[in-house]
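Before any comments, here is the structure.
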There are 2 protein chains.
Amino acid sequence: MTAERRVTAQGVVLASLRTDLLTGVLGPGDQIVQESLAERYGVSRVPLREALKTLESEGQVVYFPHRGYFVAELSVADLLEVYRLRGLLEAEAIRHAVPTLSDADVAALAELAALVDEAAADEDVLAMTSANRRFHFALFDAGGLPRLSRLLHQLWDATDAYRALYFQEQVNRDRVGGEHADMLLALRARDAEALVRQHDAHRDHSVGTVRAILERRPPPE
Amino acid sequence: MTAERRVTAQGVVLASLRTDLLTGVLGPGDQIVQESLAERYGVSRVPLREALKTLESEGQVVYFPHRGYFVAELSVADLLEVYRLRGLLEAEAIRHAVPTLSDADVAALAELAALVDEAAADEDVLAMTSANRRFHFALFDAGGLPRLSRLLHQLWDATDAYRALYFQEQVNRDRVGGEHADMLLALRARDAEALVRQHDAHRDHSVGTVRAILERRPPPE
DNA sequence: GCACGGACGATTGGATCCAATCTGGGTGGA
DNA sequence: TCCACCCAGATTGGATCCAATCGTCCGTGC
């Protein structure tokens, strides 16, 4: 997105916040106490607050004036809405991407899928989450629709905290590899519609599991 | 979205920035000098920067570390992408909304459409932009899909600066009233598909004009 | 005449400090 | 016992100050 090579504290803090959200160090519903977090990251509250503003407009945290920031909690309705919107937008991205893919692009995608499998074999949930995301977005980005990619990033971010839980179960990790292999077959055949269907199925499995996780853990208070 | 009744400087500044972007006080490509803007709004740079962060993640301004914020410029490709995404998402919103509309809801929508006509008669471009937005979002919000509404807000925001130009032409102001009337007919008949078609046509007129405006004014440098 | 380099002013990034507000607990009264 | 109120600690919101970086302009050397 904003291609930045220079590092700033807010950028570093934003990255730290994202991994903390992803790994559950900051769990849904938690209040974010600026003072202690800033100290943890070794910066003052100013860059932290700017990073939080970014996360707020992505819906990752919610903000109440004079009360502070809290890690967003997803309701089941939210979850279903996010996945429905992803269905719409990802189909669009795929239909744009497939006709443009060179053989080299497909090979690169296969490579990324292999990285997901590796991480799965190592049972490294964090690496798997990251590799999985790179695989899918390599496909989405290929369509050359940057706004669409941006919206998809937001939607993926919104469920990151829960996706990590999803990959913690062996059965889910195993299934993903096979589904990615199917998608690669459709990719090599340049069959966009088949790919959309497989992608839908892939996503449906995911939403089902995440929903179960969500319903198993009712709101903390 | 974030329902806040308490006022904070950042909130006020954010609203001011939005109207300045809408009215062209801040035009596409302009650098945003924090010191002078903060002085204009009567606050320090801190709340201004937080407001800018919000606008950045909405794509209204772009940020380069150590260089600052600039008002985003829309390329024609951007514009077409935004409108294509709007097409997808607004159709979804309408299909969700129509079955839920009570007669009172439809009456309220008619009332909002009348406000647009009033503003058009007064040739008050700002009021018309605002009323037009309220009319459309009353419809989108009725579907009860808050994430979807949120995404649509972002997409509308992205072209706000140009929409103001659109309403400055008499012929466009005149056409909008008739199109809204058509939409109300479809609404009263609870015909979602007809409404989607009319909405598409409505949007296509808009994109055509805005595109012409955009191509008439090439990038400033 | 032109390319390169350094220094200065302008601007942003971040830290610290103080004011405003919220939350929770305690106290007094009905 | 319960409720209303108030106070104190904790936390956020914002202003000011200083450091880091960028862009420009001028001078120097080739």
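These numbers come from a predicted model, not from an experiment. Reminder, nothing fancy here: chain letters follow the sequence lines and each chain counts from 1.
Checking D:dG13, D:dA15, C:dG14 against every side-chain atom of B:Val46, the shortest atom distance belongs to D:dA15. Set against D:dG14, D:dC22, D:dT12, the side chain of B:Ser44 has D:dG14 as its closest nucleotide. Nearest to the side chain of A:Val33, among C:dT11, D:dT11, D:dG14, sits D:dT11. Counting only heavy atoms from C-beta on, A:Val43 has its side chain closest to C:dA15 among C:dA15, C:dG14, C:dT11. Taking only side-chain atoms of B:Ala9, from C-beta outward, the nucleotide of D:dG14, D:dT11, C:dG14 with the closest atom is D:dG14.
In this structure, OH of A:Tyr69 is placed 6 Å from P of D:dG13, rounded to the nearest angstrom. Protein atom CD of A:Gln31 is 14 Å distant from nucleotide atom P of D:dA10, rounded to whole Å. Across the protein-nucleic acid pair, B:Leu52 atom CG and C:dG14 atom P stand 14 Å apart, rounded to whole Å. When rounded to the nearest whole Å, the span between CD of B:Gln10 and P of D:dG14 equals 5 Å. To the nearest angstrom, P of D:dA10 lies 15 Å from CD of A:Glu39. In this structure, B:Phe70 atom CZ and C:dT12 atom C1' are separated by 11 Å, rounded to whole Å. Distance CD (A:Glu50) to P (C:dG13): 7 Å, rounded to an integer number of Å. Atom CZ in A:Phe64 sits roughly 19 Å away from atom P in C:dT21 (whole-Å rounding).
Between the CG atom in A:Leu55 and the CZ atom in A:Arg18 there is a gap of 5.5 Å [rounded to 0.5 Å]. To the nearest 0.5 Å, atom CZ of residue B:Arg49 and atom OH of residue B:Tyr69 are 7.0 Å apart.
Nucleic acid contact for B:Ile32: sugar-phosphate only, since backbone atoms but no base atoms lie under 4.0 Å from a heavy atom of the residue. Residue contacts shown for A:Leu48 are absent, as no nucleic acid heavy atom lies under 4.0 Å away.
The base of C:dG14 is not paired with the side chain of A:Arg49 by any donor and acceptor separated by under 3.5 Å.
With B:Arg86 contributing its side chain and B:Trp156 its backbone, the two residues share no donor-acceptor pair below 3.5 Å.
Phosphate contact (OP1/OP2 of C:dT11, side-chain N/O of B:Arg67, threshold under 4.0 Å): absent. The side chain of B:Gln34 places an N or O atom within less than 4.0 Å of a non-bridging phosphate oxygen (OP1 or OP2) of C:dG13. Considering only side-chain N and O atoms, A:Tyr63 lies under 4.0 angstrom from the phosphate OP1 or OP2 of D:dG13. Distances shown here put every side-chain N or O of B:Arg45 at or beyond 4.0 Å from the OP1 or OP2 atom of C:dT12.
Taking the nucleotide of DNA chain C with the nearest heavy atom to each of B:Glu35 and A:His66, the more 5' of the two is matched to B:Glu35.
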Listed pairs under 3.5 Å, donor-acceptor, residues 114-129 of chain A side chains, sequence neighbours left out:
from	atom 1	to	atom 2	distance (Å)
A:Asp124	OD1	A:Leu126	N	3.3
A:Asp124	OD1	A:Ala127	N	3.0
A:Thr129	OG1	A:Val125	O	2.7

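Remark: the B:Gln10 side chain and the B:Glu50 side chain contain an N/O donor-acceptor pair separated by less than 3.5 Å. Between the side chains of B:Gln60 and B:Gln154, no donor-acceptor pair of N or O atoms lies under 3.5 Å.
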